[in-house]
Amino acid sequence: MLPDVPAIDKTFDYLVPEQLGDQVRVGTMVRVELHGRRVGAWVVADGVEPPPGVALRPIAKVTGWGPPEPLIDLARWAAWRWCGRTASFLGTASPDHAVPGLPRPTRSGGGPAVVVSPVPDDHDELIRLAFTRDRSVLRLPPAADSYPVALAAARLGNALVLAPSVSAARHLGPRLRRAGVDVAILPREWAAARVGSVCVGSRAAAWAPMADVAAVVVLDEHDEVYQEERAPTWHARDVVIERARRAGVPCVLVSPTPSLEAIQWADGALLTPSRATEREGWPIVDLVDRRREEPGRAGLYSERFVKAMREAPGTVVCVLNRKGRSRLLACARCGEATRCEHCSSSMAQSDDGRLVCRSCGTARPVVCQACGATTLKNLRVGVTRAREELEALAREPVVEVTGDTSAQSLPPARIYVGTEAVLHQVPSAALVAFLDIDQELLAPRYRAAEQAMALLVRGARLTGDGRRGDGRLLVQTRLPHHEVLQAALLADPGRAADAEWERRRFLRFPPVTALAAVGSVAAPAFIDALGHPAGVEVMGPSDDRWLVRAPDHRILCDALAAVTRPPGRLRVEVDPLRI
DNA sequence: CGGACAAGCTGA
DNA sequence: CAGCTTGTCCGG
């Protein structure tokens, strides 16, 4: 019995009353008296020998079905891997409402669920190959439909298919259903999933309750939504990788731009289509080098952009991310953006006037690394002003879209401008323009390059107004040779990954190493108790957080698990997104 | 988490 | 020293 009380990470023994015997198994959710009150709990073992001298109380009530035994073990593993509590993972693996009984299976067990003929697709052979191995990373371009991958998994039996959003899952589920696949769409259809069927869902569906999983697929594996923001900061990709490994079934990660974590995990098993096929799945990319413009034109809009916007045959989406506080500095003479000579992050001007790298701390005097000039200028414009300026340039209405605009009430227009949110809310476009991608490329976050690449992929998906390969992606930059932009231009994400791998090696950032951030009031006590185990490096504190680094997760998580949790608020983020 | 109980503080 | 607050411990 493991109580569903966040502060108690300990199991207790209870008696199972005779008349409840047939309802209680490992995973069952029950209510028990604990220390004078009733709490929810999971049965995590049965037939145990109680410690001597303890008077056992009976279980008070059976709530209903819970996760199957393999998920209880997986939750224990996740508690170690992300330094969290087993109960918080079991909560994710459990139904929202009590499930007193399960529906009857819709088909008589065994055998694959699919009855339809295969869907012909350019990527058929790659997909077939992916499922012949334990692990593969399948790099399919932005325009590729991932449905055939899900269908191929479903052919193997009770497959688990993760999509980055609930709406993507709700789109994919019925498609599989129309092909004759027995599908449970999570989180709504928990009971059907528990009985056993192909399960489709987003992050939390990594904990889909089928007892036997036949194959695992993660679509758009690079998407950061797969990681939980609150501690424990578990990652759905890593949970299903472990789940597939334990079950001994194939795990296929699909993405136009696989993460370094995925590439490292696949250990060379990266499947890509031919260069020609991959190029076909990317839009035409126009890189506009903003350094080459006449000095008077300091605004956000290059001549090429204005021309493309006016001449676009359909919807135009302009992206201007002004989130984050980072100021971007550029040379007043040649327009080159200031960046660190070691790690390529952007540099900020410190109080003493020197340039300091936000990422690795390298400092240098104010001097342009390209032309030697010593005068810099500040680049910044917000979305609201950009809308007014665009309207004046376009001589037609321009609609502003930000995180707090709702997709339903979006006024019809040909031209939209907004933050990243505009890429979620406008369904398709003939032209997607990134007005200032440098802000993303040089953001002081160690995953900035991968995040910028993900943004370009989102943009690429919008282009073409539905017609494949018809769209244009226009990118304004002062860093036209940046690997991320070259990767998009050449439809070759491997270029960005290779360069990023080198950078991570230099900085010793994940996935080259394993990191955890420790913060909040109890952090000093935690760090004190952690000490200095072999192979583990403790850095900080900075911004009231310590960083703990180890060569790999086994060493890191073992070291963290050996610490008895001090009282008080403590936040341990394993694999922090921001450091 | 939240109840139990112990130790510390206050006012008559 | 009752009555109350604050802190620490522990749960079957």
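Chain A is the first sequence line, chain B the second, and so forth, proteins listed ahead of strands; every chain is numbered from 1. Side-chain atoms are counted along with the backbone in the values below, which use heavy atoms only and exclude waters and symmetry mates.
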How close or far is atom C1' of dC1(B) from atom CG of L570(A), stated in whole angstroms?
-> 17 Å

Please check if the side chain of S146(A) supplies one atom and the backbone of V149(A) the other of a donor-acceptor pair under 3.5 Å.
-> no

OH of Y14(A) versus P of dG11(C): gap in Å, rounded?
-> 11 Å

Side-chain donor or acceptor of Y14(A) paired with backbone N/O of E33(A) under 3.5 Å | yes

R38(A) CZ to dG2(B) P, straight-line distance once rounded to whole Å | 17 Å

Figure out the CZ/C1' separation between R37(A) and dG11(C), and round it to whole Å.
-> 9 Å

Please work out if I8(A) contacts a base, only the sugar-phosphate, or nothing of the nucleic acid, heavy-atom cut-off 4.0 Å.
-> base

Determine which pairs satisfy salt bridge (Lys or Arg N to Asp or Glu O under 4.0 Å) with at least one residue from residues 209-220 of chain A, sequence neighbours left out, and list them in order.
-> D220(A)-R461(A)

Rounded to whole Å, the CD1-C1' distance (I59(A) to dG12(C)) equals 12 Å

Rounded distance in Å - NE2 (H35(A)) to C1' (dA4(B)) = 6 Å

Separation of dG12(C) atom P from L2(A) atom CG, nearest Å, is 15 Å

K10(A) side chain near dC10(C) phosphate (N/O to OP1/OP2, under 4.0 Å) = no

Within-4.5 Å side-chain heavy-atom neighbours: L156(A) and V249(A) | no

Could you check how far CG of L56(A) sits from P of dG11(C), rounded to whole Å?
-> 14 Å

